[in-house]
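In what follows, a structure is listed as structure tokens, so that the remarks can point back to it.
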Amino acid sequence: AQSVTQPDIHITVSEGASLELRCNYSYGATPYLFWYVQSPGQGLQLLLKYFSGDTLVQGIKGFEAEFKRSQSSFNLRKPSVHWSDAAEYFCAVGSPMTTDSWGKLQFGAGTQVVVTP
Amino acid sequence: GAVVSQHPSRVICKSGTSVKIECRSLDFQATTMFWYRQFPKQSLMLMATSNEGSKATYEQGVEKDKFLINHASLTLSTLTVTSAHPEDSSFYICSAPAPGWEQYFGPGTRLTVT
């Protein structure tokens, strides 16, 4: 069965420290990969996406993610976290293989990031 | 960027009543919209795909008669939770897809059924 796994439910990081959020997927073929951030009162915002090509993807707000086919992973990173990065982060995958699945996303369980002073 | 709004942002209703949630694309037309449900501290689960001018398609396990979806125009999709019960309490989110597989998400509607 297809799945998206975010192993860390909750991460606490100090402001200025680096952050890495893990995402693993299980799909028949390489899916489209996304990272979204959800802040209270706001809709999910796309941080970055990967379809093909360069495996290191740059996104908004200083985030980047690396696609590793051998590990079926798409981990999100930020070198220096700001207090405003405290939010819920979701990894999502989409399967472009069929028209029935076009546009549909399967989300991981999410990782809550807490930033301490 | 494109904006999707939802109304209401919060609603409390009594068990047995029906509640309608609106999802609007404010500056673009959306022939398709998606409806998700999010339980506290959990992931978003796709419920259904709303198609303008045709019937919605529901994901496996989602009750069509419980969650009525109407996509009346290119900018409006509605989700009606019929005969709501406390277990229907959740956070409902809509989204509209854009070219390049990007999606624009609404801010969500918190439904509480008492």
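The basis for the numbers below is simple: all heavy atoms, side chains too, and nothing from hydrogens, waters or symmetry mates. In what follows, chains carry the letters A, B, and so on, assigned in the order in which the sequence lines appear, proteins first and then strands, with residues in each chain numbered from 1.
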Check chain A against chain B and list any donor-acceptor pairs under 3.5 Å.
| from | atom 1 | to | atom 2 | distance (Å) |
| --- | --- | --- | --- | --- |
| A:Q38 | OE1 | B:Q38 | NE2 | 3.2 |
| A:Q38 | NE2 | B:Q38 | OE1 | 3.1 |
| A:K49 | NZ | B:G100 | O | 3.1 |
| A:G103 | O | B:Q103 | NE2 | 2.3 |
| A:K104 | NZ | B:E59 | OE2 | 2.9 |
| A:F107 | O | B:S43 | OG | 3.2 |
| A:G108 | O | B:S43 | OG | 2.6 |

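No chain of hydrophobic side-chain contacts below 4.5 Å, direct or via other Ile, Leu, Val, Met, Phe, Trp or Tyr residues, connects A:V37 to A:L44. Linking ILVMFWY residues whenever their side-chain heavy atoms come closer than 4.5 Å, directly or via other members, leaves A:L47 and A:F90 in distinct clusters. No continuous path of ILVMFWY side-chain contacts below 4.5 Å connects B:L68 to B:M47, so the two sit in separate hydrophobic clusters. No continuous path of ILVMFWY side-chain contacts below 4.5 Å connects B:M33 to B:F105, so the two sit in separate hydrophobic clusters.
Within the structure, the disulfide (SG to SG under 2.5 Å) test picks out no pair touching residues 28-61 of chain B (sequence neighbours left out).
Only the side chain of B:F91 has a heavy atom closer than 4.5 Å to any heavy atom of chain A. With a threshold of 4.5 angstrom between heavy atoms, B:I93 approaches chain A through side-chain atoms but not through N, CA, C or O. If you measure heavy-atom distances from A:L46 to chain B, the contacts under 4.5 Å come from the side chain alone. At a 4.5 Å heavy-atom cutoff, the contact between A:L105 and chain B is made by backbone and side-chain atoms alike.
With a 4.5 Å cut-off between side-chain heavy atoms of Ile, Leu, Val, Met, Phe, Trp and Tyr, the cluster of B:I12 takes in none.
For A:I60, the CD1 atom sits in a packed shell: over 12 heavy atoms of surrounding residues, nucleotides or ligands are nearer than 6.0 Å.
The most heavy-atom pairs under 4.5 Å with chain B, out of A:A109, A:G103, A:G110, A:G108, come from A:G103.
For the side chain to side chain donor-acceptor pair (under 3.5 Å) test, residues two or more places apart in sequence or in another chain that qualify with A:E66 are A:R77.
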